[in-house]
Structure formats: C-alpha cells, structure tokens
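First comes the structure, then the notes that go with it.
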Number of protein chains: 2
Amino acid sequence: MKRPTIADIARRAGVSKGAVSYALNGQPGVSEATRKRILAIAQEIGFNANSAARALSGARARAVGLTLCRPARILGIEPWFMGLISGFEAELGAQSYALTLQVVASPEQEVEVYRRWWGERRIDGVIVTDLRENDIRIPVLHQLQLPAVVIGGSGEPGAVTQIWSDDGGAVTEAVRYLVALGHTRIARVSGVPDLLHTQVRTKAFNEVCASLGLGDAVTVPADYTGEEGSRATRRLLIGGGRPTAIIYDNDVMAVAGLAVAQEMGLSVPGDLSIVAWDDSPLCSLVHPPLTALSRDVSGYGAQAARELLNAIDGKKVGNVKAQTAHLTPRGSTAPPRA
Amino acid sequence: MKRPTIADIARRAGVSKGAVSYALNGQPGVSEATRKRILAIAQEIGFNANSAARALSGARARAVGLTLCRPARILGIEPWFMGLISGFEAELGAQSYALTLQVVASPEQEVEVYRRWWGERRIDGVIVTDLRENDIRIPVLHQLQLPAVVIGGSGEPGAVTQIWSDDGGAVTEAVRYLVALGHTRIARVSGVPDLLHTQVRTKAFNEVCASLGLGDAVTVPADYTGEEGSRATRRLLIGGGRPTAIIYDNDVMAVAGLAVAQEMGLSVPGDLSIVAWDDSPLCSLVHPPLTALSRDVSGYGAQAARELLNAIDGKKVGNVKAQTAHLTPRGSTAPPRA
DNA sequence: CACCCTCACTTAACCGGTCAAGTACACTAT
DNA sequence: ATAGTGTACTTGACCGGTTAAGTGAGGGTG
C-alpha cells in the first residue's frame with residue numbers, strides 16, 4: 001500500500017506542493033477556501049506527513065526521548081516510572097509527539113545515548129530523571145543545545161528547566177504526624193544517596209528530627225529495590241533502640257519492610273508504623289494498607305511534558321514547582337503500643 | 001553545535017559522499033584502506049547518521065513501536081510490561097533501534113496509532129500484545145504490510161509472527177501441584193476474558209479440573225488490577241464451598257488476594273493457598289512470599305524483538321514457542337488444614 | 001492611468017542520506 | 001595492440017517535506 005504524500009494531495013487539489021504545505025500547517029499563503037479543500041482531501045485519503053521528511057527539512061522530529069537508568073529488576077516493579085510515562089503520553093499524544101524510550105545501565109551510557117539521539121536528529125528534547133550532584137548529563141545537554149526538562153531536581157535554579165516538588169516539606173509533614181501519634185524513635189530507609197532528591201529529603205529529615213528533639217535521626221541508605229528495603233528494615237529492627245516508625249523513600253521498599261515486620265512477628269501498626277513515599281495502587285493492595293505520601297505522579301509527568309514542549313518551542317527556562325506530596329493516612333500508622 | 005554529516009567526512013577524507021556511505025554501511029565499492037580511514041574520521045568527529053535522512057531515502061527508520069493498551073492505573077503497577085520493555089531494549093539497543101511507545105485507551109485507538117505511524121514512516125515494525133479473538137489490529141497490520149510480532153497469541157498459525165508460551169501446560173502443572181498437596185477445591189481469578197491467552201488458560205484449567213475429578217472449575221473473571229483481584233477474592237471466600245487454593249492470572253491480583261485473606265483473618269497458606277502467575281519481585285516481597293508460575297519475561301521480550309527485527313529484514317513468518325512458565329513454590333502454598 | 005500593495009499562489013533550493021549508473025584506471029587474456 | 005574485466009571510486013537523481021524568493025492578478029490610490 002502506497003503512502004499518500006503531499007504531492008498526491010497537490011495533484012488532486014490542482015495546486016502546488018508548497019500550497020499544500022502551507023494549508024496543512026496553518027500558515028498564511030492560501031485562501032480559506034483552498035485550505036478547506038486541501039484539508040478535506042488530506043482527511044479523505046488518510047494523509048500523515050512523513051516524519052522523516054519533515055525532520056529532514058529542518059523542522060521538528062516530533063519526538064522526545066526518555067532514558068531509564070535503573071536496573072531491570074527494579075524498573076519492572078516500581079510504579080513510579082510507568083506513572084510518569086503515562087503522564088507524558090497524555091500530553092505528548094495530544095500533540096502527536098512520539099516518546100522514544102531507552103533503558104541504560106549508567107549515566108555514562110545515558111550521555112552516549114543523548115549524543116547519538118542528537119546526532120541522529122531523532123528527538124527534539126529529552127526528559128531527565130534522577131538528577132545527581134554535579135550531574136554529568138547537564139553539561140552535555142547544554143553543549144548539544146538539546147532542550148531538556150529535569151525531574152526531581154532540588155529546585156535550585158540551573159541551566160535547564162526543572163520540575164520539582166517540595167520533598168523536604170513532605171518529609172517534615174510525615175515526621176510531625178508520627179510525632180503527633182506519639183512516636184519518638186523514627187527511622188528512615190532512603191533511596192540512592194547520590195540522587196539530589198534523596199539528599200533534600202535526608203536533610204529535611206535530620207532538621208525536623210533535631211527541631212523536635214528526637215535525638216539522632218537514623219537514615220539507612222538503600223536503592224529502591226525490595227531486597228535492599230528488606231535488608232535495611234531488618235537492620236533497623238534487629239538493633240537496639242528499635243524504631244517504632246519507619247519512613248520509606250518509595251512504595252516498593254515500604255511493602256518489603258511490611259513483609260519483614262510480619263515475618264519477625266511484629267504487628268503493623270501496633271509494633272511498627274510504616275509510611276511509604278509515592279502512593280501507588282501497591283500501597284492499598286497490601287494488608288494493612290500503607291499510609292503514604294501521595295502525589296499525582298502522572299500529573300507530574302504531564303507537567304514535565306508540557307514544559308519540555310515549551311522548551312522545544314524556545315520558550316523560557318523555568319523552575320516549575322509541582323504539588324507537594326501530602327500524607328494519606330491508612331492502616332499502617334497508629335500510636336505506638338505503650 | 002553543528003551536527004557532522006557525511007559531507008563533512010567526505011571532505012576530510014577527500015572522497016565523495018557516496019564513497020562515505022558505502023564505507024559506513026559495509027557495502028562493497030571502497031577499498032579496505034579507504035574504509036578504515038573513513039571509519040576513523042567518523043569516529044573522531046562523532047558522526048551519527050541523521051535518522052531522518054536515512055529513513056527518507058527509503059531505508060529503515062530504525063525504530064519499532066509498542067502500544068500499551070491498559071488503563072494507566074494498572075500499567076503503573078504491573079511489572080509485566082516493564083519486564084517486556086527491558087527485554088526489547090536489550091535486543092533493540094544492540095542494533096541501535098529505537099523503541100517508540102504510545103499509551104492508548106482502546107484497540108480502536110491502537111489501530112489509529114498504527115496507521116499514523118505507518119503514514120509517518122516513523123517505525124519499521126510493531127510489537128502487538130494482548131491478542132484478542134478476531135483481533136481488529138491484525139487485518140490492519142496486514143493491509144499496511146507493517147512487520148509485526150504478536151506476543152501472547154494462542155500458538156495457532158496466523159498471518160503474523162507469534163511468540164507464545166504453553167500457558168495451558170503451566171496451568172495444568174499448578175493444578176496438579178495443588179492437588180498433590182491435598183487440595184480439592186481450587187478456584188481461579190482470571191485476567192480479561194477477551195484476551196486469547198486468558199481463554200487458553202481457562203480452557204486448560206477446566207480440562208485439568210475435569211480430568212482430576214475436581215467438580216466444576218470456578219473461574220472468576222477480573223482485569224489484572226488489584227481492586228478487581230480483591231473483589232474476585234472476596235466473592236470466592238464469602239460464598240459457600242470456599243476454595244482452599246486460588247490461582248491468579250497475574251501477580252498484582254495475587255498480592256491483592258493475599259491482603260484480602262489476611263484482612264478476613266484467614267491464614268495463608270494454612271486456610272488458603274495462593275499461586276500467582278508471572279513471578280516478579282513483587283511475589284517475593286510480600287509475606288508470605290508467593291508461589292508463582294515463573295517465566296523469564298524480559299527474555300520473552302528479547303525474543304520478540306529478535307523476531308521482529310527478522311520480520312523487518314523480510315525473513316520468514318514463524319511461530320516461536322517460548323519457554324513454558326514453571327512453578328516456583330514459596331511460602332503461600334501448603335497442604336490445606338484438615 | 002501609472003504605481004504600489006496585498007493576496008494567493010508557484011517555483012525551486014534545500015535538508016542528508018542511499019543507490020543506480022557512469023567513469024577512470026589497472027590488469028589480464030587473446 | 002585491443003578488447004574485456006574488475007576495482008574503486010564519482011556523479012547525480014531521489015526520498016517528501018519546508019520555505020525563501022518569485023509571479024501574476026486584482027484592488028486601491030493619487
């Protein structure tokens with residue numbers, strides 16, 4: 001089956017290729033009557049502009065890239081990314097932009113992928129997640145002049161547009177809530193310590209614990225996987241001065257922590273309260289359902305996509321603050337047993 | 001920063017554009033010495049062929065498409081898709097093919113996306129999941145001559161390459177195992193009944209139950225989400241003749257089922273044994289860890305990608321049988337209490 | 001009535017690859 | 001010496017859009 005081209009439309013409409021192009025792109029240069037006729041023909045023969053030809057003649061590729069840099073075993077289970085992706089799609093699909101995905105093993109590989117995509121002119125911009133301190137990707141994106149939106153930065157103004165949320169505020173809310181319930185020994189199982197948003201959360205956790213006089217704030221670093229979540233939880237529950245509440249940096253580790261507590265014969269929330277970060281269906285799936293710091297992940301993704309499309313259109317670099325995660329109390333938190 | 005083109009390489013090497021093209025693509029027409037020189041220059045200046053130009057001149061777009069047609073809320077949590085995707089990537093990345101993703105709401109929309117992609121010449125082939133009976137996507141793919149690989153067909157020979165696994169055999173193994181443990185009242189919570197592989201599993205379940213004299217085999221249809229999994233489980237556990245074992249069509253529903261049992265004060269595996277389909281980290285995360293029908297989902301994806309690349313290269317249409325899921329016993333199955 | 005302006009187009013170059021056809025030269029066979 | 005063959009290139013058309021520059025008709029103005 002032959003793909004219709006603008007030449008086909010031009011022939012049927014009795015005009016030139018150029019006129020068809022103007023008509024289809026809403027540019028001035030054709031009369032309203034001709035435009036309507038051309039659009040009708042395009043519709044009728046099911047015309048779609050060849051994206052290669054369009055990209056080649058200097059216009060947009062109408063695609064954006066996303067690299068996922070987490071090991072496959074965690075990618076599979078963490079709802080976060082899929083939530084983000086469906087958010088992107090909602091926005092990109094509406095503008096008929098495509099999303100190109102690449103799974104990578106390291107930030108170095110990520111940089112290579114950016115360079116390749118740029119060289120291939122395959123994408124118009126990228127979405128960057130998991131920002132680190134002195135992230136090696138940022139200077140490369142800058143050098144390549146590749147429009148980008150960073151998700152999960154610290155909120156400090158930088159070279160590229162950021163979508164960030166006040167994670168510090170959310171941690172503070174969670175700790176205050178647990179203290180109000182009567183907890184005094186609160187621990188935390190964090191995500192990868194190199195990531196900027198992990199650092200923001202850790203700092204806020206330390207500060208609020210200090211300000212409420214909770215003694216030293218214990219944060220055990222992990223990596224978002226269930227295994228590490230279990231390991232960290234065991235370490236916390238075995239040691240002396242066992243905490244009565246644990247805040248986890250994602251839902252997967254929180255679920256793993258719940259399982260460890262049950263396996264050790266501790267009751268949740270009687271002996272241990274659990275708060276998860278990121279409220280996916282996973283949290284309401286388990287028993288007891290987990291109290292979580294909820295945010296609209298796919299809305300977050302949609303906002304990121306919108307900002308990226310703006311950046312591609314050459315609009316200003318900005319810092320967009322997304323909704324702060326809010327506490328959704330469920331069955332996994334309660335006052336500690338005397 | 002200007003992107004290097006083959007013209008730049010040609011100039012530096014003192015040859016024509018054509019020669020560079022032959023050299024880079026491993027085609028005959030240049031001497032070994034010249035080829036080496038050209039490749040060295042390409043390497044040095046960081047050349048990547050403009051994918052648009054390449055696609056435009058009749059060659060491949062070097063991209064394949066995947067549409068995800070499940071509601072966002074389930075997409076987020078089901079590890080299956082992410083596992084598949086990382087499998088695709090392993091294979092596609094090696095050939096520097098890109099993966100283009102689109103989330104859609106219905107098979108009708110999916111067909112539209114295929115048509116658009118085809119018209120835009122954006123992709124060289126597609127991966128089709130969740131095959132239905134008389135699937136409307138198949139004739140369209142055929143009409144468009146779009147290379148495709150179907151994942152999760154029934155194994156019956158058809159118009160397009162299929163990757164399938166013997167789900168019937170796996171169900172049979174699970175039921176036999178439960179019967180060996182002493183169970184006689186075994187129920188099943190299935191995925192969406194329209195999907196072909198659901199039908200295959202249901203048929204096999206009915207057959208093995210009949211052949212083992214287990215009375216009528218109860219299958220409650222659900223949709224892979226946790227909510228539906230909970231609902232179906234409650235229905236099974238409330239009714240008379242409560243089953244002592246339930247087989248779930250995915251891990252998410254199995255976890256939800258576990259939570260329902262716990263919430264109803266039933267012990268797992270004492271009062272109820274649970275078998276999950278698809279062994280993701282989720283299964284070993286909960287307490288007790290779930291007995292599962294495991295298969296290498298990302299290997300499955302890799303195989304699909306390989307077959308798709310073959311189909312794009314015009315190689316034969318084939319039916320590839322992937323590894324059958326095998327039972328991984330864990331803590332959620334045991335003999336029923338007297 | 002000449003002049004200018006606007007509108008609605010047409011024309012053709014261009015993007016950066018691919019590839020069929022053409023060319024120049026060396027080497028071999030008769 | 002001449003034709004024939006193969007190698008190593010060059011040349012230029014082509015893919016299907018976009019867009020700057022050009023054109024001709026019609027209307028308004030002094």
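Excluded from the calculations below are hydrogen atoms, water molecules and symmetry mates; all remaining heavy atoms, backbone and side chain alike, are included. The sequence lines fix the lettering, A, B, ..., with proteins before strands; numbering per chain opens at 1.
- Computed from coordinates, the B:Arg54 CZ to C:dT18 P distance equals 5 Å when rounded to whole Å.
- The phosphate of C:dC15 (OP1 or OP2) has no side-chain N or O of B:Asn50 nearer than 4.0 angstrom.
- Distance B:Arg121 CZ to D:dC15 P: 10 Å, rounded to the nearest Å.
- Taking atom CG on B:Leu24 and atom C1' on D:dC9, their separation rounds to 15 Å, with Å as the unit.
- Between A:Arg12 and A:Ile45 there is a side-chain heavy-atom pair separated by less than 4.5 Å.
- Residue B:Ile6 contributes atom CD1, which lies 11 Å from atom C1' of C:dC19 at whole-angstrom precision.
- Here B:Lys36 does not pair with B:Glu32 in a salt bridge; the nearest charged N to carboxylate O distance is not below 4.0 Å.
- Between the C1' atom of D:dG17 and the CD atom of A:Gln27 lies a distance of 13 Å, rounded to the nearest Å.
- Residue B:Ala19 is the one, among B:Ala19 and B:Ala53, whose nearest nucleotide of DNA chain D lies closer to the 5' end (criterion: closest heavy atom).
- Side chain B:Lys17 to base C:dG17: a donor-acceptor pair is found below 3.5 Å.
- Between B:Gln303 and B:Ala322 the shortest heavy-atom distance is OE1-CB, 3.8 Å.
- Rounding to the nearest 0.5 angstrom, the gap separating the OH atom in B:Tyr224 from the CG atom in B:Asp130 is 6.5 Å.
- If you check every strand for non-hydrogen atoms under 4.0 Å, A:Ser16 touches a base.
- Within the 4.0 angstrom heavy-atom criterion, only backbone atoms of the sugar-phosphate kind lie near A:Val15; the bases stay farther away.
- Side chains of B:Glu110 and B:Thr67: a donor-acceptor N/O pair is present below 3.5 angstrom, by distance only.
- Using a 4.5 Å cut-off on side-chain heavy atoms (C-beta onward), B:Lys321 and B:Ser165 make no contact.
- Of all the residues in residues 31-46 of chain A, A:Ser31, A:Thr34 reach under 4.0 Å from DNA chain C with at least one non-hydrogen atom.
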Tabulated below should be each protein N or O lying under 3.5 Å from an N or O of nucleotides 21-23 of chain C; please produce it.
none

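- Rounded to a whole Å, the CZ atom of A:Phe47 is 10 Å from the P atom of D:dG16.
- Looking at A:Glu120 and A:Arg116, a side-chain N of the basic residue comes within less than 4.0 Å of a carboxylate O on the acidic one, giving a salt bridge.
- Side-chain N/O atoms of A:Ser57 include none lying less than 4.0 angstrom from OP1 or OP2 on C:dC14.
- Distances from the side chain of B:Leu56 to the nucleotides D:dT18, D:dG16, C:dC9 place D:dG16 closest.
- Rounded to an integer number of Å, the gap from CZ of A:Arg11 to C1' of C:dT10 is 17 Å.
- A:Met82 CE to A:Ser298 OG: the interatomic distance, rounded to the nearest 0.5 Å, is 13.0 Å.
- Contact of the A:Val64 side chain with the A:Val126 side chain is not registered, since no non-hydrogen atoms from C-beta on lie closer than 4.5 Å.
- Both tests hold for B:Arg295 against B:Tyr300: distance to the six-membered ring centre under 6.0 Å, angle to the ring axis within 45°.
- Nucleotides of DNA chain D nearest to A:Val20 and B:Gly29 differ in position, and the one nearer the 5' end is that of B:Gly29.
- Atom-to-atom, CZ of A:Arg3 to P of D:dG16 comes out at 9 Å; the value is rounded to the nearest Å.
- Within the structure, every side-chain polar atom (N or O) of A:Ser21 is placed at least 4.0 Å from both OP1 and OP2 of D:dG17.
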